Amino acid sequence: LIINNFCFRHDLTDARPEAPDTLRYTFHGHVHPGIIIKGRSRQSLRFPCFYFTGNYCILPAFSRFTGTYTVQPQRGESVYAIVENKIMQLP
C-alpha cells in the first residue's frame, strides 16, 4: 500500500530495488522486533518494540504468540519499547 511518501509492506524483502516505492519511507512487520534491557546483575527483560531506521520502520507484534527478533540499534536509529501498554523511547 502506498500513501503519499510512505509504503506499507508485509516484509521488507518484498521490495525490489527497481520498484519506485523503494524511494519511500517503508513500514513493515514480519520479523517483529524486540529489545532486551539488561539489569545490573543477570536480569534481563524483553519487550516488543517499534524499530526506526533512516529508510524503514519495523512494526512490533501485538500478540504473545508471535516471536520477536532482537534488534541492536545503530547510531541514528530509534527504538520505542512497548512496556505495560505504554510506549517508551529507549536511548
Side-chain angles (χ1 to χ4, degrees):
L1 173 66
I2 295 174
I3 301 174
N4 297 322
N5 291 328
F6 300 102
C7 177
F8 299 87
R9 296 182 166 279
H10 174 72
D11 187 353
L12 194 60
T13 59
D14 294 342
R16 289 169 282 125
E18 68 278 5
D21 56 307
T22 58
L23 300 176
R24 294 177 170 86
Y25 194 85
T26 302
F27 292 84
H28 71 96
H30 191 68
V31 295
H32 302 300
I35 190 80
I36 296 175
I37 299 174
K38 296 181 180 179
R40 290 184 183 205
S41 295
R42 295 183 185 203
Q43 314 108 323
S44 66
L45 297 170
R46 177 189 296 265
F47 298 100
C49 66
F50 292 87
Y51 177 50
F52 290 89
T53 74
N55 299 320
Y56 60 87
C57 169
I58 307 175
L59 303 172
F62 292 99
S63 166
R64 294 186 184 268
F65 299 108
T66 305
T68 56
Y69 172 77
T70 303
V71 295
Q72 297 185 4
Q74 303 299 308
R75 181 178 292 253
E77 298 177 342
S78 299
V79 172
Y80 294 84
I82 301 171
V83 181
E84 295 182 2
N85 294 323
K86 295 183 176 146
I87 297 176
M88 176 174 53
Q89 183 176 14
L90 300 177

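These numbers come from the heavy atoms of this one structure, side chains and all, not from hydrogens, waters or symmetry mates. Keep in mind that this is a model prediction, so the values were computed, not measured.
- Within a 6.0 Å radius of CD in Q43, more than 12 heavy atoms belonging to other residues, nucleotides or ligands are found.
- Under the side chain to side chain donor-acceptor pair (under 3.5 Å) criterion, S41 pairs with no residue, sequence neighbours left out.
- For Y69 (side chain) and P33 (main-chain N/O), no donor-acceptor pair under 3.5 Å exists by modelled atom type.
- In terms of heavy-atom proximity, H28 sits nearest to H10 at CB-O, 3.8 Å.
- Minimum heavy-atom separation, F47 to I82: CD2-O, 3.5 Å.
- Applying the side chain to side chain contact (heavy atoms under 4.5 Å, CB included) criterion to K38, with sequence neighbours excluded, gives I36, S44.
- Looking at T26 and R9, their side chains never bring a donor and an acceptor atom within 3.5 Å of each other.
- Among all heavy-atom pairs drawn from F8 and I3, the shortest one is CE1-CD1, 4.2 Å.
- Annotation: side chain to side chain contact (heavy atoms under 4.5 Å, CB included) contacts of S78 (sequence neighbours excluded): F52, Y80, Q89.
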TODO: With side chain to side chain contact (heavy atoms under 4.5 Å, CB included) as the test, would you mind laying out the steps for L59 and F50 before giving the verdict?
DONE: CA-CA 5 Å; L59 303 172; F50 292 87; 4.0 Å; yes
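- Below 30°, between 30° and 60°, or above 60°: for F6 and F27 the angle between ring planes is between 30° and 60°, a tilted geometry.
- The two atoms that bring T70 and R46 nearest to each other are OG1-NH1, 2.6 Å, heavy atoms only.
- Between I35 and A81, the shortest heavy-atom contact is CG2-CB, 4.1 Å.
- The shortest heavy-atom contact between C49 and P60 is O-CB, 3.2 Å.
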